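Input: a single structure, listed below in structure tokens.
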2 protein chains.
Amino acid sequence: MGTEVYEGDCLNILRGLSTTTADLVYLDPPFCTQRRQSLSTRDRSKEFSFEDRWNSISHYASFLTERLKELHRILKPTGSIFFHCDKTASHVARLVMEEVFGARQFQSEIIWSYKRWSNSARKLLPAHQTILFYSKGPECKFNEILTDYSPTTNVDQILQRRSRDDSNKSVYARDRNGDVVYGGSKKGVPLSDVWEIPFLNPKAKERTGYPTQKPILLLERIIRLTTNEGDLVIDPFCGSGTTLVAAKLLGRSAIGIDISNEAVALTKQRLKEPVKTESALLMNGLDSYRNANGDAVSLLNGIPHIPVQRNNGIDAFLQETFEGVPIPVRVQRHGETLSDAAGTLYKAGKTKKARRMILIAVEDVPTLFDLGIPNEVEVVTSAALSIRRLIRHLNAEEKGFDETLESAE
Amino acid sequence: MGTEVYEGDCLNILRGLSTTTADLVYLDPPFCTQRRQSLSTRDRSKEFSFEDRWNSISHYASFLTERLKELHRILKPTGSIFFHCDKTASHVARLVMEEVFGARQFQSEIIWSYKRWSNSARKLLPAHQTILFYSKGPECKFNEILTDYSPTTNVDQILQRRSRDDSNKSVYARDRNGDVVYGGSKKGVPLSDVWEIPFLNPKAKERTGYPTQKPILLLERIIRLTTNEGDLVIDPFCGSGTTLVAAKLLGRSAIGIDISNEAVALTKQRLKEPVKTESALLMNGLDSYRNANGDAVSLLNGIPHIPVQRNNGIDAFLQETFEGVPIPVRVQRHGETLSDAAGTLYKAGKTKKARRMILIAVEDVPTLFDLGIPNEVEVVTSAALSIRRLIRHLNAEEKGFDETLESAE
DNA sequence: CGAAAATTTGAATCAGCCC
DNA sequence: AGGGCTGATTCAAATTTTC
């Protein structure tokens with residue numbers, strides 16, 4: 001279905017969308033500015049009344065309610081909604097959401113926290129925003145996202161089994177000899193509701209110039225959490241279009257709406273240009289052998305080398321030369337066959353007049369039957385690959401036969 | 001004045017306190033979770049519990065409003081109030097506070113975030129609580145609290161003076177020679193409204209066995225922020241008495257109230273011998289737990305594994321098991337012989353009952369003469385090491401002889 | 001079929017051994 | 001005596017079972 005952007009009041013446009021089609025709604029509505037104005041009477045002579053405030057609040061609340069009801073209608077039964085609220089009105093947002101979606105559908109109050117520069121001394125530095133997460137029904141789509149264990153975690157312990165002692169207290173299971181029994185493997189820690197994501201860096205801000213632009217990482221996380229590929233995402237106050245960009249990057253369809261034609265134009269332009277900002281989440285998913293810095297060349301630690309940034313075939317040159325020419329190195333990509341990797345490296349290396357090249361095998365062990373690996377390309381096995389082979393070998397041995405190791409040579 | 005504890009409904013007791021005497025109110029009322037909260041002391045000799053069930057939200061709201069009005073009366077004009085709420089009722093709390101104290105008196109929404117133990121798989125793991133900070137009047141007492149700079153901060157830069165250039169742009173001040181002028185020392189970063197404070201540890205000495213007990217550190221921060229020595233702190237739902245303990249430790253007077261006579265007895269007893277646990281995590285920071293093995297473990301990228309931070313012999317466990325026991329992995333350190341590395345790994349692995357262990361050789365190739373490598377330790381060669389050997393081999397070949405490769409085998 | 005009670009559960013933290 | 005590893009303990013939980 002792709003990505004669509006509409007200009008206008010989202011209420012009208014939402015009314016034209018059909019029922020139960022959307023999987024995710026993200027909204028970041030404009031704040032209740034009326035209220036702020038009425039608050040700041042400069043001379044402080046007039047304490048504004050509760051009634052005044054209620055009038056402006058209830059006006060804002062009904063503005064939201066109308067639109068949320070449409071969004072509720074458009075959502076699939078398994079759909080979710082994320083309401084990004086400003087701190088001055090987060091309780092209003094919560095009340096309105098409880099009214100339209102119901103308290104039982106409340107899932108999480110997500111805290112987006114970030115570091116910020118300021119010299120304000122008379123107040124705590126505001127450094128978070130709140131996102132309310134509700135589902136439409138009891139069965140909502142939810143993809144588990146796992147994070148790393150804390151460095152303080154007792155890793156041996158989480159591999160241990162549990163049992164109960166005499167007084168029914170939960171304890172770690174032990175065998176007849178009193179030794180701890182180890183269980184299966186663990187995957188990681190489930191994502192918490194406090195998300196520390198750096199605020200948009202100033203450079204990126206310069207690019208769109210839109211005031212409330214959100215980091216793409218924030219939207220990516222929301223989209224991955226509650227949708228699958230091909231699902232439909234709706235952002236009724238899309239602003240500079242970050243939601244749509246994130247959705248497109250992740251292969252989701254998306255509809256964006258904004259009342260300002262400037263915002264719509266900006267969004268359309270952003271969508272047209274292939275996005276250069278690399279998606280950290282995507283990269284982690286695709287290249288699982290890269291380290292935290294996204295650096296596959298870390299495998300070369302310990303050898304003098306020069307990393308190459310912008311070459312499709314070569315990841316680094318060794319400082320050591322062969323016949324006076326530097327030696328290019330490539331690390332096999334995830335999902336790339338050894339022959340393909342060798343071909344890519346060979347082609348790139350040839351233009352640099354390299355006489356020898358080195359390919360680091362990460363996925364497959366080279367076999368005698370491997371075709372198309374030129375003589376100039378030496379294949380070296382990464383430690384990870386060696387370990388994988390070793391494990392297979394050990395498991396085969398355990399079963400009393402060995403089918404894997406030898407046949408690979 | 002010292003510290004006093006009263007038993008009873010705080011509404012009645014507050015009515016007996018005189019107007020404009022308190023500097024700080026901290027309240028942590030029942031959250032409206034609609035369940036019974038209970039916890040027992042470590043030796044299981046005693047179980048504390050309280051009911052947290054309400055007929056309706058509005059019933060809960062009016063319960064709070066009545067008491068907040070009394071608290072408002074008791075506060076000095078420069079006084080502050082901190083309302084500790086959780087996600088199930090934070091919007092109710094906010095509404096009630098706006099009604100009694102007024103929106104203009106809103107100061108901060110403080111997020112207390114912590115890591116927690118849970119098995120949540122179908123939801124985001126709740127890992128924060130909210131504290132609303134309001135003042136009674138426009139001029140409230142506020143003591144600046146500074147924290148450390150983030151490790152990424154350019155400390156040089158923050159010591160530099162600023163001035164304005166011809167076009168009134170803020171630039172770093174320079175002296176006649178064009179050198180940067182360093183100003184006095186900077187003090188630190190102002191405290192933000194997101195407070196990462198560890199949850200009270202199950203084994204902490206500070207722990208009393210009372211449910212919902214707060215860390216003393218949290219209360220200390222609140223008391224420091226808004227009171228001076230000798231000021232009066234009030235906690236109308238004092239529970240196990242953490243607020244009073246913190247106040248006493250900081251030389252503030254305090255009044256605590258609780259409806260349960262058990263809670264009052266516990267508080268009185270705790271005040272006799274205040275115990276505060278030093279959080280090693282907070283004192284030293286998370287980084288102190290991290291080994292310098294980040295680079296090393298990146299060699300394992302591509303294999304499912306769990307990095308181990310707390311063991312000198314083991315860098316990671318593979319998720320794959322051998323004979324039901326996880327396989328530990330160590331990466332040879334720079335300047336460490338293969339035999340030494342194998343010995344360290346073997347010793348650490350044995351205590352974990354590991355049957356097989358993997359050592360990644362980074363510096364030396366194992367030779368027949370390598371002594372002291374136990375049978376259980378499998379040695380695997382890193383790509384970097386393989387490449388070094390290959391280079392030596394190629395260079396030797398180039399010269400017409402081959403002395404290196406074979407002799408190493 | 002819902003609500004409440006009973007059961008299962010995972011990982012973070014400090015205390016206290018043990019070298 | 002001191003620092004590092006190991007073990008104990010827990011859940012303003014989460015999930016399953018019962019009524």
Side-chain angles (χ1 to χ4, degrees), chain A residues 104 107 138 146-165 168-174 178 180 183-190 192-193, chain B residues 28-44 48-54 84-90 112 114-130 196-215 237 239-240 275-284 286 288-289 291 306 308-314 347-348 351-352:
Chain A
R104 296 197 49 161
Q107 298 291 333
L146 297 171
T147 55
D148 289 341
Y149 293 94
S150 153
T152 58
T153 300
N154 192 343
V155 178
D156 338 323
Q157 195 166 305
I158 63 177
L159 297 170
Q160 296 172 18
R161 282 234 178 81
R162 292 292 277 271
S163 69
R164 294 201 169 263
D165 70 359
N168 207 34
K169 235 163 75 173
S170 179
V171 292
Y172 292 107
R174 286 168 189 282
V180 166
S185 55
K186 294 287 153 58
K187 320 151 287 185
V189 185
S192 95
D193 60 1
Chain B
D28 175 25
F31 284 168
C32 199
T33 54
Q34 304 297 5
R35 29 197 315 175
R36 180 171 173 271
Q37 303 297 341
S38 73
L39 186 64
S40 51
T41 53
R42 192 145 44 253
D43 56 13
R44 310 226 147 191
F48 294 102
S49 69
F50 60 84
E51 289 288 337
D52 183 12
R53 296 183 214 264
W54 303 85
H84 195 129
C85 36
D86 94 329
K87 60 179 166 19
T88 55
S90 66
W112 170 33
Y114 44 84
K115 304 276 186 186
R116 241 203 41 212
W117 329 273
S118 181
N119 54 351
S120 168
R122 305 206 45 76
K123 270 185 86 173
L124 294 170
L125 188 63
H128 77 274
Q129 288 173 31
T130 306
E196 211 168 298
I197 295 178
F199 203 81
L200 202 60
N201 186 269
K203 277 199 87 177
K205 275 188 186 155
E206 196 178 310
R207 186 177 273 274
T208 60
Y210 198 85
T212 76
Q213 189 183 346
K214 305 293 178 299
F237 300 92
S240 57
V275 180
K276 183 189 164 198
T277 36
E278 295 294 335
S279 163
L281 176 61
L282 273 177
M283 303 283 284
N284 308 329
L286 210 53
S288 68
Y289 287 83
N291 294 343
I306 303 167
V308 173
Q309 309 287 359
R310 310 196 324 165
N311 192 301
N312 276 339
I314 298 168
K347 212 173 129 196
T351 71
K352 303 279 179 281

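Chain A is the first sequence line, chain B the second, and so forth, proteins listed ahead of strands; every chain is numbered from 1. Heavy-atom basis, side chains included; hydrogens, waters and symmetry copies ignored. Because the structure is a prediction, the values reported are computed rather than measured.
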Closest contact, heavy atoms only, Gly188(A) versus Tyr149(A): N-OH, 3.2 Å
Check: protein-nucleotides 3-5 of chain C nitrogen or oxygen pairs below 3.5 Å:
| residue | atom | partner | partner atom | Å |
| --- | --- | --- | --- | --- |
| dA3(C) | OP2 | Arg104(A) | NH1 | 3.4 |

Strand DNA chain C as a dot-bracket string - pairs counted if Watson-Crick or G-U with both distances under 3.5 Å, | where the partner lies in another strand: .|||||||.||||||||||
Under 3.5 Å side-chain donor-acceptor pair for Thr208(B) and Gln213(B): yes
Exam field: side chain Thr147(A) to backbone Val189(A), donor-acceptor pair closer than 3.5 Å: yes
Sugar-phosphate only, base, or nothing, as touched by Gly239(B) at under 4.0 Å among non-hydrogen atoms: nothing
For Ser192(A), side-chain contact (heavy atoms from CB on, under 4.5 Å) partners two or more places apart: Val194(A), Leu125(B), Ala127(B)
Length of the OH-P vector between Tyr210(B) and dT9(D), whole Å: 23 Å
Length of the line joining Gln213(B):CD and dA12(D):P, which is rounded to integer Å: 12 Å
Atom pair distance, as rounded to whole Å: CG in Asp148(A) and P in dA11(C): 12 Å
Which atom of Gly313(B) lies closest to which atom of Ala348(B), heavy atoms considered: CA-CB, 3.8 Å
Enclosure of Lys214(B) NZ (heavy-atom neighbours >12, cutoff 6.0 Å): yes
Sugar-phosphate, base or nothing in reach of Pro29(B), heavy atoms under 4.0 Å: base
Residues which pass side-chain contact (heavy atoms from CB on, under 4.5 Å) with Pro30(B), listed by chain and number, not counting sequence neighbours: Asp52(B), Trp54(B), Phe237(B)
Which atom of Phe48(B) lies closest to which atom of Gly209(B), heavy atoms considered: CD1-O, 3.5 Å
Sugar-phosphate only, base, or nothing, as touched by Ser150(A) at under 4.0 Å among non-hydrogen atoms: sugar-phosphate
ring-ring contact (aromatic ring centres under 6.0 Å, His included) partners of Phe31(B), counting only residues at least two apart: none
Value in whole Å for how far the P atom of dT13(C) lies from CG of Leu200(B): 11 Å
Listed nucleotide nearest any side-chain atom of Arg116(B), set dA13(D), dT13(C), dG10(C): dA13(D)
Value in whole Å for how far the C1' atom of dT13(C) lies from CD1 of Ile197(B): 15 Å
Atom pairs, protein N/O to nucleotides 14-16 of chain C N/O, distance under 3.5 Å:
| residue | atom | partner | partner atom | Å |
| --- | --- | --- | --- | --- |
| dC14(C) | OP1 | Ser279(B) | OG | 2.9 |
| dC14(C) | O4' | Asn201(B) | OD1 | 3.4 |
| dC14(C) | N4 | Arg310(B) | NH1 | 3.3 |

Integer-rounded Å distance: dA12(D) P and His84(B) NE2: 11 Å
Close side-chain approach of Tyr114(B) and Pro215(B), heavy atoms under 4.5 Å: no
Sugar-phosphate only, base, or nothing, as touched by Phe199(B) at under 4.0 Å among non-hydrogen atoms: sugar-phosphate
Nearest heavy-atom neighbours spanning Trp112(B) and His84(B): CE3-CE1, 3.7 Å
Whole-Å distance separating the CG atom of Asp28(B) from the C1' atom of dA12(D): 9 Å
dA8(D) to dA12(D) separation - P atoms, rounded to the nearest Å: 22 Å
Whole-Å gap separating P (dT9(D)) and NZ (Lys115(B)): 25 Å
For Asp86(B) against Gln129(B), the heavy-atom pair lying closest together: CB-CG, 4.5 Å
